[in-house]
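Note sheet for the following structure.
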Amino acid sequence: MTPRSKAVLVLLACLASVMCVIHPIRQSDGKGATDYGPRNSIIDAINIEQFIPPATDSGKFPNLKYSFSYSHMRLQNGGWTREITIKDLPTSASLAGVNMRLKAGGIRELHWHREAEWGYVLYGTCRITAVDTEGRNFIDDTGVGDIWYFPSGIPHSIQGLGPDGCEFALIFDDGNFSEDSTFLVADWINRTPPEILSKNFGFEDGAFRNISKEELYIFQGEVPGPISEEEIKSPKGRVKSPYSHRMLAQEPIKTKMGTARITDSKNFEVSKTIAAALVEVYPNGLRELHWHPDADEWTYIITGRGRLTVFAAEGKARTYGLSAGDVAYIPKSMGHYIENTGQDTMTFLEVFKSKEFSDISLNQWLALTPKNLVRAHTQLSKQNIDKLNKDKVPVV
Ligand SMILES: *[C@@H]1O[C@H](CO)[C@@H](O)[C@H](O)[C@H]1NC(C)=O
Ligand SMILES: *[C@@H]1O[C@H](CO)[C@@H](O)[C@H](O)[C@H]1NC(C)=O
């Protein structure tokens with residue numbers, strides 16, 4: 001039985017109020033000792049990779065993992081939201097994330113922000129709208145596995161459609177981003193003298209008198225009609241390249257143990273600052289040892305569970321357990337893998353602040369390096385050196 005399966009059994013036992021028997025003792029070398037508490041046995045069991053780290057872990061590390069389950073929920077009429085920013089995960093300098101739910105008709109208020117926004121639909125369907133600097137507009141209905149990208153400063157909205165709204169993940173290209181500090185349309189109108197508003201729009205005095213004095217942020221609206229009825233035809237037409245893309249519908253790179261879909265500015269032109277991969281790893285599969293040479297990685301687990309080890313040079317490595325809803329932040333160039341340790345397919349997003357996706361495979365690197373050189377470093381047998389993959393295999 002793997003340590004992870006054992007931990008799951010212990011967790012079930014804990015939940016059934018039976019004595020928790022898991023102790024920080026490593027089987028392979030007997031190191032560690034019993035732990036009689038105080039302790040939170042449920043968290044210990046979920047975090048088994050940190051509670052009983054493998055013997056290969058070494059050195060001091062900044063925290064690289066956070067779970068949306070630890071985030072503060074902002075509850076609104078029409079939906080909820082929670083975020084993980086640099087305040088929660090201090091290593092995450094270049095990217096921040098949000099998890100949001102809108103009920104059918106629920107509206108994320110018309111707004112904009114300094115950062116670019118990349119969204120992935122996890123559940124249901126939502127309608128997105130935007131207008132660009134040339135006065136061209138955009139409207140689309142997005143479903144599970146679709147993504148959107150709103151460039152920095154572009155005003156937009158999101159609304160849950162029938163029958164049950166939507167849920168999505170958002171990634172922003174700055175760790176300092178906060179979903180609470182966006183530019184909201186009603187907030188601006190409330191902060192502008194009424195006579196200026198009338199002059200600006202050519203309205204009679206008090207035209208905005210009924211506007212909500214509270215920020216709307218997320219609020220309940222009516223489920224809109226079809227796009228064909230709702231769309232405003234702009235004299236300047238539609239935006240030059242669409243702000244949405246069907247990521248899950250892309251033909252994946254298929255391997256025996258999983259799939260990978262890569263979306264960046266090469267196949268989703270507008271997405272100039274965010275590149276991403278949607279990866280599926282089947283049970284026992286492994287997202288191979290690799291690193292990303294040009295950007296930090298925001299890893300977001302959508303389904304399943306697994307473990308991640310990050311190698312940070314200078315003999316330092318640390319292992320983390322990952323479950324659905326967890327985020328891992330892997331600094332640029334640090335070597336890592338993700339292993340599926342559960343019974344189900346593990347699905348996750350790798351998101352980068354970058355124009356194009358790029359990674360280096362340890363296996364491919366060694367395969368394409370003279371054999372004598374590889375042998376001198378690794379003492380591998382000739383047969384094993386011949387087995388190295390000259391082609392990249394993202395999931396093995
Ligand atoms: C985030 O904001 C803080 C406070 O404004 C600032 O000191 C810090 O440099 C910012 N970090 C990044 C990565 O921009
Ligand atoms: C504003 O609210 C008042 C009172 O409910 C209502 O009589 C009026 O028609 C509203 N104005 C607009 C423009 O909807």
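First listed ligand is number 1; within each ligand, the first listed atom is number 1. Computation of the quantities below employed the complete heavy-atom set of this structure, encompassing side-chain atoms and omitting hydrogens, waters and symmetry-equivalent molecules.
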| message | Please tell me whether Tyr329 and Ser94 have a donor and an acceptor in their side chains that are separated by less than 3.5 angstrom. | response | yes
| query | Taking the six-membered ring for Trp, is the centroid-to-centroid distance between Tyr300 and Phe68 below 6.0 Å? | reply | yes
| query | Is the closest protein non-hydrogen atom to atom 14 (O) of ligand 2 under 4.0 Å? | reply | yes
| Does the protein put a heavy atom less than 4.0 Å from atom 11 (N) of ligand 2? | yes
| Measuring to protein heavy atoms, does anything land under 4.0 Å from atom 5 (O) of ligand 2? | no
| request: Please examine the side chains of Glu117 and Ile158, heavy atoms only from C-beta on, and report whether any two atoms are closer than 4.5 Å. | output: yes
| query | Are any of the N or O atoms of Asn210 closer than 3.5 Å to those of ligand 2? | reply | yes
| task | Please list, chain by chain and in numerical order, all residues satisfying side chain to side chain contact (heavy atoms under 4.5 Å, CB included) with Pro38, sequence neighbours excluded. | result | none
